[in-house]
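Data first, discussion second: the structure below is written as structure tokens.
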Amino acid sequence: MTQSNNLQRIYQELRWRAVAQFGERRTVELESYLRISAEQISDVDSAEVHPNLEPLNQV
């Protein structure tokens, strides 16, 4: 899946959730925040981690 398809999928999911929770009118007002959030989620999702890097799990 390309980054743009992934970004669009994430955005659509966030938008769907916003409509369900806040309604269509408020979702339109939140449009720029939804797009920024989708970009940030996509960036984190597609970030590459060096295979020798240990997880930073703190117990």
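From a predicted model like this one, the values you see are computed outputs, not experimental measurements.
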- Hey, does R9 have a side-chain heavy atom less than 4.5 Å from the side chain of E13? no
- So with a 6.0 Å cut-off around CD of E24, is the heavy-atom count from everything else above 12? yes
- Approximate separation, where rounding is to 0.5 Å, of Q8 CD and R15 CZ: 10.5 Å
- 4.5 Å side-chain heavy-atom contact, Q21 and R26: no
Considering only distance and modelled atom types, tabulate donor-acceptor pairs under 3.5 Å from the side chains of residues 34-43, sequence neighbours left out.
from, atom 1, to, atom 2, distance (Å)
S37, OG, Y33, O, 2.9
S42, OG, Q3, NE2, 3.4

